[in-house]
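Structure first, then comments.
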There are 2 protein chains.
Amino acid sequence: MPTDKVPDIVVGRLPLYLRTLNYLIEEGYEIVSSHELGRRLGISPAQIRKDLSHFGEFGKQGAGYDVKYLSSQLKHILHVEGVWPVALVGCGALGHALANYNGFVTKGFEITLIFDNDPAKIGQVVAGKVIHDVADMPRLICEHGIRIAIVAVPSSAAQATVDVLVRCQVRAILNYAPINISVPPGVQVQNIDPAVHLQRMTYYL
Amino acid sequence: MPTDKVPDIVVGRLPLYLRTLNYLIEEGYEIVSSHELGRRLGISPAQIRKDLSHFGEFGKQGAGYDVKYLSSQLKHILHVEGVWPVALVGCGALGHALANYNGFVTKGFEITLIFDNDPAKIGQVVAGKVIHDVADMPRLICEHGIRIAIVAVPSSAAQATVDVLVRCQVRAILNYAPINISVPPGVQVQNIDPAVHLQRMTYYL
DNA sequence: TCTCTCTTGTGAAAGCAATCACATACTCCT
DNA sequence: AGGAGTATGTGATTGCTTTCACAAGAGAGA
């Protein structure tokens with residue numbers, strides 16, 4: 001039966017399911033079984049069925065899941081049916097790469113505001129967007145009603161940046177700074193630190 | 001008592017502990033308690049103590065942990081006492097950013113080989129390193145004894161790239177391509193896909 | 001129509017991970 | 001020197017996640 005209270009670990013797998021389903025659509029699949037989906041993801045079929053069962057019944061017994069239907073349902077569950085405007089703070093090498101990444105839009109995101117604190121960069125155009133002064137962040141983020149931000153500033157500036165974002169009603173932060181940031185309850189944070197990911201693997205080498 | 005068989009989820013937290021310990025060193029701390037460490041990481045003190053207990057006894061009752069000592073022990077456990085040479089495959093915007101990222105060396109990694117398949121890029125110098133032809137990957141990676149690679153190629157090329165890397169004895173892969181790659185047992189993979197991280201958060205918005 | 005095969009959705013069971021709580025031991029202060 | 005305060009390391013417990021196993025439903029072919 002549907003939504004009691006879904007474990008976060010389950011929510012974390014849904015985007016992976018969605019990503020794979022969209023590849024299946026491109027490949028022309030119309031129906032997929034939990035077995036095939038699990039094979040592609042390296043996840044057990046039972047886990048996929050159990051995960052989906054938190055949200056409803058999406059499959060047909062004896063057949064499997066309608067790929068397009070399940071994809072659209074997952075987009076609905078994840079609130080990525082439309083396109084979220086996203087603020088990017090920090091426009092160094094990484095910020096540039098993110099601003100030019102063309103994979104966001106089809107996944108439900110678009111970088112609409114870019115900020116930096118370097119006077120030499122402010123006013124420049126990156127990926128069709130003007131780089132704004134971080135000093136204007138509060139005003140612009142409020143005006144645009146931004147709820148999602150990507151932080152790509154140096155570690156030393158990360159916490160202060162996040163504090164400003166939180167005050168501007170940003171409620172989801174993707175943090176590329178290699179430092180632990182703290183946020184009030186109700187604000188989501190995801191961290192990406194390549195060194196942390198690499199060190200996790202070297203343990204096994 | 002020490003190493004029975006450590007859960008992967010515990011291994012995954014060690015780099016975070018290490019990262020925070022190194023910040024504590026910079027701040028001049030000499031001793032830290034599990035309570036303080038946990039406060040900074042958003043992790044319970046009990047969990048930190050339990051995690052560390054898998055590897056030995058590093059603290060002093062009544063006092064806490066010697067920050068430098070624990071840091072060095074974690075580096076030892078994670079096999080990042082030295083510097084691993086790393087191959088970077090794919091030198092687009094993201095590859096550039098990674099090549100120029102100066103945070104790797106102090107964490108135990110150095111990008112020593114860069115590859116791309118674009119004839120216009122091959123031979124160019126990025127971050128002091130020549131971009132090599134992917135066709136030369138097998139030879140160069142073997143010659144340098146590389147065990148770790150970062151994949152920053154388009155999704156369509158990711159699996160083929162990984163297959164080559166695995167044949168070259170690469171055993172740890174940090175994958176930035178937004179696709180699930182498959183590898184034989186014994187090869188570590190970590191995935192970084194910003195869209196997946198963002199979608200995980202939009203569920204709660 | 002009937003049977004065989006396939007696959008879902010889901011309680012129950014098993015397996016893991018996080019927290020609790022306390023014995024032990026170290027430090028600091030008087 | 002001794003007592004109060006503090007923090008570790010760890011068995012026991014609680015809570016969470018994954019896997020198992022099967023009833024029920026759907027389709028295909030005879």
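Residue numbers start from 1 in every chain, and the chains themselves are labelled A, B, ... in the order their sequence lines are given, proteins ahead of strands.
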Can you list the residues that meet the side-chain contact (heavy atoms from CB on, under 4.5 Å) rule with [X], with sequence neighbours excluded?
{"X": "B:Ala149", "value": "B:Ala87, B:Leu165, B:Val170"}
{"X": "A:Ala93", "value": "B:Ala97"}
{"X": "B:His76", "value": "B:Glu81"}

Expressed as a whole number of angstroms, how long is the span from [X]:[atom1] to [N]:[atom2]?
{"X": "B:Asp8", "N": "D:dT18", "atom1": "CG", "atom2": "P", "result": "13 Å"}
{"X": "A:Ile48", "N": "C:dT10", "atom1": "CD1", "atom2": "C1'", "result": "16 Å"}
{"X": "A:Leu70", "N": "C:dT8", "atom1": "CG", "atom2": "P", "result": "11 Å"}
{"X": "B:Asp51", "N": "C:dA18", "atom1": "CG", "atom2": "C1'", "result": "9 Å"}
{"X": "A:Phe58", "N": "C:dG9", "atom1": "CZ", "atom2": "P", "result": "9 Å"}
{"X": "A:Lys50", "N": "D:dT17", "atom1": "NZ", "atom2": "C1'", "result": "10 Å"}
{"X": "A:Lys5", "N": "D:dT17", "atom1": "NZ", "atom2": "C1'", "result": "18 Å"}
{"X": "B:Lys60", "N": "C:dT24", "atom1": "NZ", "atom2": "P", "result": "21 Å"}

Among [options], find the nucleotide with the atom closest to the side chain of [X].
{"X": "A:Gln47", "options": "D:dT10, D:dT19, C:dA17", "answer": "D:dT19"}
{"X": "A:Ser53", "options": "C:dT10, D:dG11, D:dG9", "answer": "C:dT10"}
{"X": "A:Glu57", "options": "C:dG9, D:dT19, D:dT17", "answer": "C:dG9"}

Closer than 4.0 Å, any side-chain N/O of [X] to the OP1 or OP2 of [N]?
{"X": "A:Tyr65", "N": "C:dC6", "answer": "no"}
{"X": "B:Arg49", "N": "D:dG9", "answer": "no"}
{"X": "B:Arg13", "N": "C:dA18", "answer": "yes"}

> How about A:Arg40 and A:Thr20: does a side-chain donor come under 3.5 Å of a side-chain acceptor?
Replying inline: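 On atom types as modelled, these side chains do not qualify, holding no pair under 3.5 Å.
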>> If we count only N and O atoms by modelled type, under 3.5 Å, do the side chains of A:Gln159 and A:Asp163 hold a donor and an acceptor together?
In response: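 A:Asp163 and A:Gln159 do have a side-chain donor-acceptor pair below 3.5 Å.
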Please confirm whether the backbone N or O of [Y] pairs with a side-chain atom of [X], one donor and one acceptor, at under 3.5 Å?
{"X": "A:Asp116", "Y": "A:Cys91", "value": "yes"}
{"X": "B:Ser33", "Y": "B:Gly64", "value": "no"}
{"X": "A:His79", "Y": "B:Leu205", "value": "yes"}

> What residues, two or more places apart in sequence or in another chain, satisfy salt bridge (charged side-chain N to carboxylate O under 4.0 Å, His left out) together with B:Arg13?
Replying inline: B:Asp51
> Which one of B:Val80, B:Asn22, B:Leu52 satisfies the side-chain contact (heavy atoms from CB on, under 4.5 Å) criterion with B:Leu74?
Replying inline: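 The single option meeting the side-chain contact (heavy atoms from CB on, under 4.5 Å) with B:Leu74 is B:Leu52.
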> Hey, can you pull the residues of residues 34-45 of chain A with a non-hydrogen atom under 4.0 angstrom from DNA chain D?
Replying inline: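 Those residues whose heavy atoms fall under 4.0 Å from DNA chain D, taken from residues 34-45 of chain A in numerical order, are A:Ser44.
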Listed pairs, N/O of protein and of nucleotides 23-25 of chain D, under 3.5 Å:
unit_1	atom_1	unit_2	atom_2	d
D:dA24	N3	A:Gln61	NE2	3.4
D:dG25	O4'	A:Gln61	OE1	2.2
D:dG25	N2	A:Gly62	N	3.0

>> So B:Leu52, base contact, sugar-phosphate only, or nothing? Heavy-atom distance under 4.0 Å.
In response: nothing
